[in-house]
Structures are given as C-alpha cells and as structure tokens.
Amino acid sequence: WVWNAWFLIYDSQIPHVFGTDMRIGDENGEVKLMQIRLQDAGFFPKQQKCTGFYGSITAKSVKDYGASKDFKCSGRIAGPTIRGFLNNAH
C-alpha cells in the first residue's frame, strides 16, 4: 500500500512482507493484502471481493495455496510457513 495524495492505494510492485500469523476470525489490512496476493496467484476467487476478513473462503484459499507448495495445512491459520511462501512469491 502506498499513500497517493489523500488516500491509500495498493501497489503490487511494492512487495509486502507478512510478519504476523493470521487466522479465522481476523479482520485487518494484513489479511486483505494476503487475499490480494492469493487472488493474484489464482487461489482466492477472482469474483470474490478482498475484504480483509479471514473466513472460510480465505481458509480454503490458504489450504489450496499450501497444497500447491506440498505443504499440508487446514488453512485455519496462515502461520510462519504460509507467510514464508507468500513472502518469497513476489
């Protein structure tokens, strides 16, 4: 995210480093950035709005993303391993 005049915009050219675990029920900007990253990678549905809420759609996306990296997880928590994959994907 970058400040542009009066508002914050997402710039996919500036890599974001995910530093904290995210889990079901979280709702914040970090989750939204993860949803955008997962959507760009084809794991979060394109028709789904990235809201920043970590619910069942995000959990499935995290689970599928982990599986694509040969990492088995429930998707309920985006912990250090998933964050590592996301951080190295850009």
Task: Heavy-atom closest pair, residues Ile24 and Ala59 - done: CD1-CB, 3.7 Å
Task: Gap between atom CZ of Phe43 and atom CZ of Arg37 - 0.5 Å precision - done: 13.5 Å
Open item on the list: Tell me if a side-chain donor or acceptor on Gln39 pairs with a main-chain N or O of Pro45 at a distance below 3.5 Å.
Closed with: yes
- [ ] Answer yes or no: are there more than 12 heavy-atom neighbours, outside Lys46 itself, under 6.0 Å from its atom NZ?
- [x] yes
Listing, residues 75-83 side-chain donor-acceptor contacts under 3.5 Å, not counting sequence neighbours, or none:
{"from": "Arg83", "atom 1": "NE", "to": "Thr20", "atom 2": "O", "distance (Å)": "3.4"}
{"from": "Arg83", "atom 1": "NE", "to": "Asp21", "atom 2": "OD1", "distance (Å)": "3.0"}
{"from": "Arg83", "atom 1": "NH1", "to": "Phe18", "atom 2": "O", "distance (Å)": "3.4"}
{"from": "Arg83", "atom 1": "NH1", "to": "Gly19", "atom 2": "O", "distance (Å)": "3.4"}
{"from": "Arg83", "atom 1": "NH2", "to": "Asp21", "atom 2": "OD1", "distance (Å)": "3.0"}

TODO: Go through the structure and list residues passing side-chain contact (heavy atoms from CB on, under 4.5 Å) with Glu27, not counting sequence neighbours.
DONE: Phe53
TODO: Using the test salt bridge (Lys or Arg N to Asp or Glu O under 4.0 Å), find all partners of Lys69 that sit at least two apart in sequence or belong to another chain.
DONE: none
Open item on the list: Go through it in stages, so that I can follow the logic: the residues are Lys32 and Thr51, the test is side-chain contact (heavy atoms from CB on, under 4.5 Å), and I'd like the CA-CA distance, side-chain angles, deciding distance and then a yes or no.
Closed with: CA-CA 6 Å; Lys32 186 172 185 173; Thr51 63; over 6 Å; no
Task: Any residue meeting side-chain hydrogen bond (donor to acceptor under 3.5 Å, both in side chains) with Glu30, in chain and number order, not counting sequence neighbours - done: His16
TODO: Might you work through the side-chain contact (heavy atoms from CB on, under 4.5 Å) test for Met34 and Val62, ending with a clear yes or no?
DONE: CA-CA 9 Å; Met34 179 177 67; Val62 168; 3.9 Å; yes
- [ ] Please collect all side-chain hydrogen bond (donor to acceptor under 3.5 Å, both in side chains) contacts where either partner lies in residues 54-67, sequence neighbours excluded, each pair once.
- [x] Gln35-Thr58, Lys60-Asp64
Open item on the list: Tell me if a side-chain donor or acceptor on Asn88 pairs with a main-chain N or O of Phe85 at a distance below 3.5 Å.
Closed with: no
